[in-house]
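Lettering follows sequence order; numbering is per chain, from 1. Source: prediction; values computed, not measured.
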There are 2 protein chains.
Amino acid sequence: MTIGEIADRTGLPAKTIRYYEDIGLIRPARDSSGYRVFAETDFHKLAFLGRARALGFSIGDCRTLLALYEDENRASADVKRLAQQHLETVEGKIALLEAMRDTLRDLIHSCAGDSRPDCPILKDLAKD
Amino acid sequence: MTIGEIADRTGLPAKTIRYYEDIGLIRPARDSSGYRVFAETDFHKLAFLGRARALGFSIGDCRTLLALYEDENRASADVKRLAQQHLETVEGKIALLEAMRDTLRDLIHSCAGDSRPDCPILKDLAKD
DNA sequence: ATAAGGGTTCCAGTCACTGGAAGGTCAAGG
DNA sequence: CCTTGACCTTCCAGTGACTGGAACCCTTAT
C-alpha cells in the first residue's frame, strides 16, 4: 500500500501519517525508490491511532496504548487507569466549557443586539 | 505600576502581559531605564482581556472586543454577534467532548481492570 | 561591594499537525 | 521517446497562546 491508499483507508491525512512515522509511532517499509510501503499491520496501527486520537487521547497516551496493545502480558488495569485519567481530563474540560457557555448565554440574553452602543456584554468584561 | 504589580492586580502572568504588548493589544509607557510603566487604563484593558480570555474568546476576538469597547459608536449587535458565534464554537466543543466522555465511560465500564490482558478498551480501538 | 529581587530582550519549546516549495517516480497517452 | 499529470519524497516554516530559560540591566538595602 502506498501512503495515499492507506490515507484513504484510514481517513488520516498523508501528512499526519508521515508525522506519525517521524515521531516513531509507525515504521513502514520502503521500496527501491524510497516510497513508503504499508503492510496490513501498519494499517491496523494507524486505524488504532485514529480511533484513540478521536477519543481525545494525547499522542503520548496513544504511544502507551499501542505498547499495551502489543504487549501480550499487559494487565487490563493499566489500560483502564489510563482511560480513567483521560476521562477525568475530558470531564474537566467539559466543566470549564459549560461554565463559559452558561456565562455567555446569560450575557447574550441580556444584550439588545441593536444599533445602540449600550452593551451588557462589554459592561461585564469591563467590570471592576 | 510595574509589570509585577499589574501582574498581581490582574492575575495575569508577567510573561503574558509582555506577550500582549508584543502582539499589540496594549501599549504601556516606558520609564528612563526601559521599564514598562502601566497606567490605570492599561490595567483596565488587561483586566478586560483576562475576562474575555477566561470566557474562551480567541486573541483575535479579544482584539475586536477591545476595539468595540473603545468605540463610542459601536452597535451592540456587533458585540452580540461575536459572542453568539463564540457560544456556538463552545457548544460544538462541548458536544465533541461529551461524545468522547460517553464512549470512554462505556469502555471503562466494560473493562475489568485486573491483571489479565483481556481488555475491551483495546479491543474497541483495534476493531475493524 | 555585593546580594537580592525586581526588570529587560531574545530564543526555543509546547502540541499535533498543516501548508508549501522543490524535486524524484511512475503509468498512460501521443 | 517524450510529456503530462498524479503521485511520492524531504525539509522548512507556521499555527495559538503562551511558557521556560539564559543572559544581562536597574534599584535598593546592607
Once you build an axis from the first five pairs and another from the last five of the helix from C:dA1-D:dT30 to C:dG30-D:dC1, how far apart in angle are they, to 10 degrees?
40°
Presence of salt bridge, B:Asp78 and B:Arg81, under 4.0 angstrom
yes
Under-4.0 Å side-chain N/O to phosphate OP1/OP2 contact, B:Thr2 with C:dG6:
no
Whole-Å distance, A:Ile3 CD1 to C:dC26 P, equals 16 Å
Would A:Asp106 and A:Asp102 satisfy side-chain contact (heavy atoms from CB on, under 4.5 Å), going step by step from the backbone distance to the final call?
CA-CA 6 Å; A:Asp106 285 354; A:Asp102 294 347; 5.6 Å; no
Could you state the atom-to-atom distance from CD1 of A:Ile17 to P of C:dT18 in whole Å?
12 Å
Value in whole Å for how far the C1' atom of D:dG16 lies from NE2 of B:His86
14 Å
Run the salt bridge (charged side-chain N to carboxylate O under 4.0 Å, His left out) test on A:Asp42 and A:Lys45 for me, step by step, so that the C-alpha distance in whole Å, both residues' side-chain angles and the decisive distance to 0.1 Å come before the verdict.
CA-CA 5 Å; A:Asp42 295 313; A:Lys45 275 196 192 184; 5.8 Å; no
Quickly work out the A:Glu21 CD to D:dT10 C1' distance and round it to whole Å.
12 Å
Side chain of A:Thr16 only, please: which of C:dT8, C:dT18, D:dT19 is the nearest?
C:dT18
Taking the six-membered ring of A:Phe43, is NZ or CZ of A:Arg9 closer than 6.0 Å to its centre and within 45° of its axis?
yes
Nearest to the side chain of B:Tyr19 - D:dC8, D:dA17, C:dT8?
D:dA17
Rounded to the nearest 0.5 Å, the CG atom of A:Asp61 sits from the CZ atom of A:Arg53 at a distance of 9.5 Å
Looking at A:Arg18, does any N or O in its side chain come under 4.0 Å of the phosphate oxygens OP1/OP2 on C:dG19?
no
What does B:Ile23 touch in the nucleic acid at a heavy-atom separation under 4.0 angstrom: a base, only the sugar-phosphate, or nothing?
nothing
Looking at A:Tyr20, I'd like to know whether one of its side-chain N or O atoms comes within less than 4.0 Å of OP1 or OP2 on C:dC17.
yes
Considering all heavy atoms of both residues, which atom of A:Ile3 and which atom of A:Arg18 are nearest to each other, and what is their separation?
CD1-CG, 3.5 Å
Using a 4.5 Å cut-off on heavy atoms from C-beta on, say whether the side chain of B:Leu46 contacts that of B:Leu25.
no
Per-nucleotide protein contact along nucleotides 22-29 of chain D, 5' to 3', at a 4.0 Å heavy-atom cut-off (B base, S sugar-phosphate only, - neither), is ----BS--
If you apply the rule salt bridge (charged side-chain N to carboxylate O under 4.0 Å, His left out), what do you find for B:Glu91 with A:Arg101, and how did you get there?
CA-CA 7 Å; B:Glu91 284 172 337; A:Arg101 179 195 60 191; 5.4 Å; no
In residues 36-62 of chain A, what residues come within less than 4.0 Å of DNA chain D, judged by heavy atoms?
A:Arg36
Begin from the C-alpha positions of B:Arg36 and B:Glu21 and carry the test salt bridge (charged side-chain N to carboxylate O under 4.0 Å, His left out) through to its verdict.
CA-CA 10 Å; B:Arg36 287 170 186 82; B:Glu21 184 187 7; 2.4 Å; yes
Can you find a side-chain donor-acceptor pair between A:Ser76 and B:Asp118 that sits under 3.5 Å?
no
Apply the test side-chain contact (heavy atoms from CB on, under 4.5 Å) to residues A:Glu5 and A:Thr2: give CA-CA distance (whole Å), side-chain angles for both, the deciding distance (0.1 Å), then the verdict.
CA-CA 5 Å; A:Glu5 287 161 355; A:Thr2 66; 3.6 Å; yes
A:Arg30 CZ to C:dG24 C1', straight-line distance once rounded to whole Å
13 Å
What's the CG-P distance between A:Asp22 and D:dC11, to the nearest Å?
9 Å
With side chains defined as the heavy atoms from C-beta onward, is the minimum distance between B:Tyr69 and B:Leu65 less than 4.5 Å?
no
